[in-house]
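Here is the structure we will look at.
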There are 2 protein chains.
Amino acid sequence: MKTETEPGDERPTLKTIAFLTGLGVTTVSRALKNGPEIGEETKERVRQIAKQVGYRPNRAGVRLRTGKTNVISLILNTEEGAMGLVSEMVYGITEALADTPYHLVITPYSLSDPMEPVRYIVETQSADGVIISRTEPRDPRVSYLLEHNLPFATHGRTDMGVVHPWHDYDNESYAYNAVKLLAGRGRKRIALSGPPPQLLYARHTARGFERAMRDFKLEIFPLSALNLDAPADEIRRSGREIGMASDRPDGIVCSSAMSALGLVGGLEEAGLKIGRDIDIVTKQSSSFIGWYKPEILTIREDFRIAGRDLAKSVLAWIEGADPASLQHLVGPESAL
Amino acid sequence: MKTETEPGDERPTLKTIAFLTGLGVTTVSRALKNGPEIGEETKERVRQIAKQVGYRPNRAGVRLRTGKTNVISLILNTEEGAMGLVSEMVYGITEALADTPYHLVITPYSLSDPMEPVRYIVETQSADGVIISRTEPRDPRVSYLLEHNLPFATHGRTDMGVVHPWHDYDNESYAYNAVKLLAGRGRKRIALSGPPPQLLYARHTARGFERAMRDFKLEIFPLSALNLDAPADEIRRSGREIGMASDRPDGIVCSSAMSALGLVGGLEEAGLKIGRDIDIVTKQSSSFIGWYKPEILTIREDFRIAGRDLAKSVLAWIEGADPASLQHLVGPESAL
DNA sequence: ATTGCGTTCTGTAACGTTACAGAATTGGAG
DNA sequence: CTCCAATTCTGTAACGTTACAGAACGCAAT
């Protein structure tokens, strides 16, 4: 016969439903998974009762039995300062995970050992998939995860002749469009304040910039030593110097809102008026630039879209999709 | 997706250690928990082997058996725009969780149903503790969690005659110090651009502001309709109007970096120079203000500390501490 | 000797789930 | 009527852990 009496007070389990329907636990389990060997009528009845008692599968039970964690892990470097990036990306990921059984867990790492969280996750099997930020051109985490068959997606491309899902902002297209914007406003001498040269997307940015400069027949104002990783006051000083130079540019393409702010600060110190004497274009991930200086031209980079896309790709890979089909280059103009 | 099963390739469990030591699984379990009924020598031997084989307890096993999830859930509103806040707080939390078995999972909610994630966590027992942001003076989530005996901590105080752990920035002290700063620079007519009045900390801010204004015998420039929730262009326009008023203030205390930027934009449009004609003080949670306008006076609000403190409080409550002892008001001057 | 007792260890069962092998019930086909 | 096969359901075992009730042992007190 069946089991003892059910108090009804506790969290409902398969057993509860089995008791209420008079079916076996196994049958209930199969029914809720819409298994083919269960009668349609029975399935419906089980589903009804399940909804009535508010059944929610116990994650620990599933995980113990099947090994499936229903967890996506976002690996974050806690030392990076990129403010808006993290929250927006997290929001995007949670959006993509909202109607799935997946949870998002944040796994931090310090620059002293970037491999640590990845190893932890693999060794303890604590996630079904991983999202990596701050991807490097040759990223050891990527090789490690591939070796251990753990699905993942990277924010930013790699350059190691290996295929995996990624999402990247189309910085080439950004730089091209930025120049185009400046050209449209009649600017002639343009400078580029790009990312640190060792990063892959510095190359993309430079390529788009140079292509546009050729296409629109503009003059490049060289700005070698300056990049986003420079300290605030240096960028600011650099802005002042640029502003005071006799052959100063009348347009600047900038790869981050932060450095744009620094430059603008310096340029204004030098007595220039943005929008009149010089135009500056920057990427913006949140709207705060508009709060202060609407004169700064902006092209959107949406990290929420990035998060959503990365999460979707990991899920797709988990479900067996071809990783080669999960690589997305998203430009300023496109919406996902 | 699955690799070949190699003999020593499996993840070690208690059974593995039991086999290696010749002990029973129970003994091994008790030994690793440093239980009193196990011989000291045995414990040491078990610990050694465990370390050797790299034993890590299986979370699903523990969770299924004991109900302990080792999860802290951070409940986030995905519609809020406060950029730096989230990432810094997340980092702070992960710091506090770093040397514990706890994981951080992000649970999002939309403004349309703030109770949803809290209910979910309680019903599915999916966390041992919860951290709540955007706390309201009378917060239904707080009552609900108290009712269901789930430990939690709130970012911001409540006003419902009920005791629970919280962490709050001392906005009264901030406003007082901000005025003091302006007074020290010889400013006489000060305006306050505070938080939306329905929020609890608007009251705190106003109190500190008014107290300082009395203490330093300054004149309040009234600024009724303006608060942080106003749209960007309105704040900007407001700044311009203030700047052009004949009785304009010579100092402004501002509750957020964003609105400070808007105001400064407007003031500069009106021809004022920050630091000469008028001084403006704002809270800053990241250093980006300094990137653009070093003339803006800033007082730090550290969300990383907030995250760390909140996480520590939740853990302490879980371990049985008195919630009344887990309430921290952190001012601009104090470090935790 | 027997009893009692503390110390140290052990086996069993259970948490909720699913894989698997098997059982009961149909409805035809022989 | 028997037999087969498809359909639908069931019980058992296992994932890794810990609570619990006990077992084996030495040792002291009766």
Side-chain angles (χ1 to χ4, degrees), chain A residues 1-4 6-7 9-47 49-50 53-71 101 123-126 128, chain B residues 2 5 9-47 49-50 53-71 101 123-126 128:
Chain A
M1 261 312 288
K2 291 282 119 63
T3 50
E4 336 78 67
E6 299 286 327
D9 210 29
E10 303 290 320
R11 167 134 102 110
T13 70
L14 291 179
K15 211 160 109 187
T16 316
I17 302 177
F19 176 78
L20 290 173
T21 54
L23 296 165
V25 226
T26 304
T27 311
V28 175
S29 173
R30 299 294 290 137
L32 288 173
K33 305 201 117 55
N34 201 18
E37 47 211 332
I38 307 294
E40 200 47 62
E41 193 205 6
T42 310
K43 283 187 200 169
E44 195 42 43
R45 201 157 52 94
V46 169
R47 276 192 283 258
I49 301 270
V53 300
Y55 170 75
R56 306 280 190 88
N58 181 308
R59 313 188 109 230
V62 176
R63 179 162 168 181
L64 183 57
R65 179 66 239 245
T66 65
K68 174 127 215 215
T69 62
N70 284 310
V71 161
E123 282 168 12
T124 62
Q125 292 155 177
S126 58
D128 297 334
Chain B
K2 199 173 286 182
T5 37
D9 208 24
E10 299 295 317
R11 168 131 102 106
T13 70
L14 290 179
K15 213 160 109 189
T16 318
I17 302 177
F19 176 79
L20 290 174
T21 54
L23 296 165
V25 229
T26 304
T27 312
V28 175
S29 173
R30 298 292 292 135
L32 288 175
K33 303 201 118 51
N34 199 20
E37 46 210 329
I38 306 294
E40 200 47 61
E41 191 205 8
T42 310
K43 283 186 199 169
E44 195 43 44
R45 200 156 54 94
V46 170
R47 276 193 282 258
I49 302 267
V53 299
Y55 170 75
R56 306 279 191 90
N58 181 308
R59 311 188 111 232
V62 177
R63 178 162 169 180
L64 185 56
R65 182 64 240 248
T66 65
K68 174 126 216 217
T69 62
N70 284 311
V71 161
E123 282 167 12
T124 62
Q125 293 157 164
S126 58
D128 296 335

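Given the structure is predicted, the values throughout are model-derived calculations rather than measurements. Residue numbers begin at 1 in each chain, while the letters A, B, ... track the order of the sequences.
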What pairs of nitrogen or oxygen atoms, one from the protein and one from nucleotides 15-19 of chain C, lie under 3.5 Å apart?
unit_1: C/dC15; atom_1: O2; unit_2: B/Arg65; atom_2: N; d: 3.3
unit_1: C/dG16; atom_1: N2; unit_2: A/Gly61; atom_2: O; d: 3.2
unit_1: C/dT17; atom_1: OP1; unit_2: A/Tyr55; atom_2: OH; d: 2.4
unit_1: C/dT17; atom_1: OP1; unit_2: A/Asn58; atom_2: N; d: 3.0
unit_1: C/dT17; atom_1: OP2; unit_2: A/Leu14; atom_2: N; d: 2.8
unit_1: C/dT18; atom_1: OP1; unit_2: A/Lys33; atom_2: NZ; d: 2.4
unit_1: C/dT18; atom_1: OP2; unit_2: A/Ser29; atom_2: OG; d: 2.6
unit_1: C/dT18; atom_1: O2; unit_2: A/Arg65; atom_2: NH1; d: 2.3
unit_1: C/dA19; atom_1: N6; unit_2: A/Thr26; atom_2: OG1; d: 3.4

Quiz item: Do the charged groups of A/Arg47 and A/Glu41 touch, with an N to O distance under 4.0 Å?
Solution: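 No, this pair does not count.
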Those residues that, when tested against [X], pass side-chain contact (heavy atoms from CB on, under 4.5 Å) (two or more places apart):
X: A/Ser126; result: A/Arg63, A/Tyr120, A/Ile121, A/Thr124, B/His103
X: A/Ile17; result: A/Thr21, A/Val28, A/Leu32, A/Val46, A/Ile49, A/Ala50, A/Val53, A/Tyr55
X: B/Lys15; result: B/Thr13
X: B/Asp128; result: B/Lys68, B/Thr69, B/Asn70, B/Tyr102, B/Ile318

Quiz item: Starting at CD of A/Glu37 and ending at P of C/dA23, how long is that distance when rounded to a whole Å?
Solution: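 Interatomic distance, CD of A/Glu37 to P of C/dA23: 16 Å.
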Quiz item: Once you round it to whole Å, what is the distance between C1' of D/dT8 and CG of A/Asn34?
Solution: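 So the CG-C1' distance, A/Asn34 to D/dT8, works out to 15 Å.
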Quiz item: Within a reach of under 6.0 Å around CD of B/Glu37, are more than 12 heavy atoms found that belong to other residues, nucleotides or ligands?
Solution: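 More than 12 within 6.0 Å, yes.
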Quiz prompt | Side chain B/Thr27, main chain B/Leu23, donor-acceptor under 3.5 Å | solution =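 Side chain of B/Thr27 to backbone of B/Leu23, a donor-acceptor pair under 3.5 Å: no, none is there.
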Quiz item: What nucleic acid atoms does B/Gly22 come within less than 4.0 Å of, heavy atoms only: base, sugar-phosphate, or nothing?
Solution: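 Sugar-phosphate: the residue B/Gly22, judged by heavy atoms under 4.0 Å, touches backbone atoms but no base.
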Quiz item: Under 4.5 Å between any side-chain heavy atoms of A/Ile38 and A/Lys33, yes or no?
Solution: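 No, too far: nothing below the 4.5 Å cut-off.
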Quiz item: Between the two end axes of the helix from C/dA1-D/dT30 to C/dG30-D/dC1, each built from 5 base pairs, what angle do you get to the nearest 10°?
Solution: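 Angle reported: 80°, given to the nearest ten degrees.
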